[in-house]
Amino acid sequence: MRKTLLLLLSLCLAHLSHAEDGYNLWLRYKRIDDNKLLTSYRKTITAIQVVGQSPTMDAIKKELILGLNGLLDTHIATTPTNNTLIAGIHSALKLNLEEKPDGPEGFLIISKVSAGKHYTIITANTETGVLYGTFHLLRLIQTHQPIENLHINSSPRVKLRLLNHWDNLNRYVERGYAGISIWNWHTLPDYIDDRYTDYARANASIGINGTVLNNVNANATILTEPYLQKVAALARVLRPYGIKVYLSARFSAPIEIGHLKTADPLNDTVRQWWQAKAKEIYQLIPDFGGFLIKANSEGQPGPQSYGRNHTDGANMLADAVAPFGGIIIWRAFVYAPQAKDRFKQAYDEFTPLDGKFRNNVLVQVKNGPIDFQPREPFSPLFGAMPQTPLMMEFQLTQEYLGQGTHLVYEAPLFKEVLDADTHAKGPNSTIAKIIDGSLYDHAVSGIAAVSNIGNERNWTGHLFGQANWYALGRLAWDYNLSSEQIATEWIQQTFSNNPTVVNSIKDIMLASREAVVNYMTPLGLHHIMGNGHHYGPAPWSNNAPRPDWDPVYYHKADAKGIGFDRTTAGSNALQQYRPAVRQLYADSNTCSDQYLLWFHHVSWQHKMHSGRTLWNELCHKYQEGVDTVSAMQHKWEQLKSYIDPERFHQVQMLLAIQHKDAIWWRNVCLLYFQTFSKMPFPANYEQPDHTLEYYQQQRFPYAPGN
Ligand code: GCW
């Protein structure tokens, strides 16, 4: 009896320990379930040999053992045999390879036969490069690619590939929907959570090489000695994985923690304070990346508080970190309530400063001119500052895209922006070429994204948030990968290589971005969400502390029509684009539907490309958004027998919320805009089942992330 009980108990425990909770991300390393493939992999690699000993080489060895033991369901030998996988830096391997790895991060993976023995070689100029190659090889196996005859020479297109955490020191994450911060500032530096290492592994596996640990709405305390010790402890964990730490610096830190009277960037004492601070940081963290700064934006202090400009502020900090090889990332996210059109301010403020920044300054620009909306035209700053390296800022955390509850695969959004042609130097001056530094020949280049990571077991709250994190890294490495390719490899590693699973989930993911545009902000609507928390619709909102936080500022609906006129007759924001781009949007009859209401105030009767009136098209698009979510749900349901119950059920529940929310958005927006259009809902669509008043009375006092 006792024996049976024990047996039952251990079976239960075994089951528990195998529950799929998403913690392992895309690094699950499950046994290859195709026997033919398994046999061939086992033949190709029977042993590993990692040449060299260091924290990074040790991490490589550990990862290879973990990965291969799991995938090949074996105990991989660590003494060379006939079929050895060799990993090491190029200069240490002393192999006569015809080809050299590329740059400090590129890697080479080559299959070679020598004296009748078959080798798989992973090599690079640096240990980090070997690490990237290691993860690449493991990805090939996880995605069931052939590995007997490899010849891969790969290097990243963009140099700085960063996450920006908006994590506060009290562990509250601004716009975070995945629990609290993964950085436990209280127990650091003495307690090192395993999660820090797994975070490093995950990032290294997709080529992320830097992380800004704290919120851009910064607290100066992070720059005090005890906190720098904590930062140094994290840096020690991340370093072997090729990840540098950066900090958001509060511009007024010299006052708050330095007890100076001013933070004026031209004041000598202030300059010396920052120089000393930089020195202190680099003594603790010799490879510290540098500072990220949000200045004179949304109440943050900055050089303008002292009558100085962005260059004065950025250059002062740049001089402080330059002796140590540090950089300054200065954000261009600025807007003032007085502006008639928020769209224009960053361009107006920053373009006159082009050429005046030190060469260790990058200006970080959000992908669009407003703020991470489901769809924005690209920021006109891209292509307008040829002498300044511009960094891209995307947002993984989905602040305006259903947050941690909606399934929205963002790669199509990222690609749309990266592929956009600015015409800055004639046709084919894509944003990708601006941010990789190639268009204007800059030595530094970068791409960053606001992290969606928290301490939830599955890291990102919504399991599919992981795909956005993954896509960011993969695109920063190579923006020529397609959204579909990235989705495919993510699904294969996260769920399964089964074609039914891969194809259905891929359909869901690829449809999801256009779905969110349609059920939230179709046809170029933007910024019509609830104030503060930014979750759900509130197009009527007109009483925020500043007019440029109000939805009515953006949609401008009235009896005549809807949309923001940014043509010459309106704010003339279009002027900020090159003529070839301007021309695409300038005429409401030829402007693509996607951007129509971004640039035009259009009559409710306006004839759309579909032949429908604008009003009917709006109804059509909102319904289409809802229908797409239903289709996503339906596809997911059919995968029930293919996916572990835990993850299946989680996603199923979240999709149901997404569907409910899509209906909410549709009903609210159409009911509200109908008060202006005075036109009926076309009979063939679902009709709203509540009144506008009902929706206006809903309150969400504790919506997360604000
Ligand atoms: O999108 C807005 C957010 C703020 C954020 C700000 C920024 C960190 O609502 O929460 O603050 O952008 O990017 O600085």
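This is a predicted model, so every value here is computed, not measured. Order of listing sets the numbers, starting from 1, for every ligand and every atom in it. Note that the numbering runs from 1 along the sequence shown for the chain.
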Kindly say whether Tyr553 contributes a backbone atom to a donor-acceptor pair with the side chain of Asp550 at under 3.5 angstrom? no
Name the closest protein heavy atom to atom 14 (O) of ligand 1, giving the residue it belongs to and the distance to 0.1 Å. Lys294 NZ, 2.6 Å
Could you tell me if Arg195 sits above the aromatic ring of Trp459, with its cationic atom closer than 6.0 Å to the ring centre and no more than 45 degrees from the axis? yes
Run the ring-centre check on Trp549 versus Tyr554 and record whether the distance is less than 6.0 Å. no
Ligand-residue contact atoms, ligand 1 with Phe333, heavy atoms, under 4.0 Å: 6 (C), 7 (C), 12 (O), 13 (O), 14 (O)
Within reach of ligand 1, part of Tyr400 (heavy-atom separation under 4.0 Å): side chain
Polar-atom distance check: Asn215 versus ligand 1, any N or O pair below 3.5 Å? no
In the protein, what heavy atom is nearest to atom 9 (O) of ligand 1, and what distance, to one decimal place, separates them? Glu399 OE2, 2.6 Å
Basic-acidic side-chain contact under 4.0 Å: Glu376, Lys366: no
Does the cation-pi check pass for Arg666 over Tyr519, that is, NZ or CZ under 6.0 Å from the six-membered ring centre and within 45° of its axis? no
Considering the options Phe564, Tyr585, Phe343, which one meets the side-chain contact (heavy atoms from CB on, under 4.5 Å) requirement together with Trp598? Phe343
Does the separation of the ring centres of Tyr595 and His526 fall below 6.0 angstrom? no
Please confirm whether Lys366 comes within less than 3.5 Å of ligand 1 when only nitrogen or oxygen atoms on both sides are compared. yes
Element-labelled atoms of ligand 1 that are located less than 4.0 Å from some non-hydrogen atom of His534: 9 (O)
Whether Gln300 lies under 4.0 Å from ligand 1, heavy atom: no
Taking both backbone and side-chain atoms of Glu393, is any N or O found less than 3.5 Å from an N or O belonging to ligand 1? no
protein heavy-atom neighbour closest to atom 6 (C) of ligand 1 works out as Glu298 OE1, 3.2 Å
Would you call Glu410 and Arg513 a salt bridge, using N to O less than 4.0 angstrom? no
Applying a 4.0 Å heavy-atom criterion (strictly less than), which segment of Gln395 is in contact with ligand 1: side chain, backbone, both, or neither? neither
How far is atom 4 (C) of ligand 1 from its nearest protein heavy atom, and which residue and atom is that? Glu174 OE2, 3.3 Å
Within 45° of the ring axis of Tyr227 and under 6.0 Å from its six-membered ring centre, is that where the NZ or CZ of Lys230 lies? yes
What protein heavy atom is closest to atom 1 (O) of ligand 1, reported as residue, atom name and distance in Å? Asp371 OD2, 2.4 Å
Location of contacts on Val450 toward ligand 1, heavy atoms closer than 4.0 Å: neither
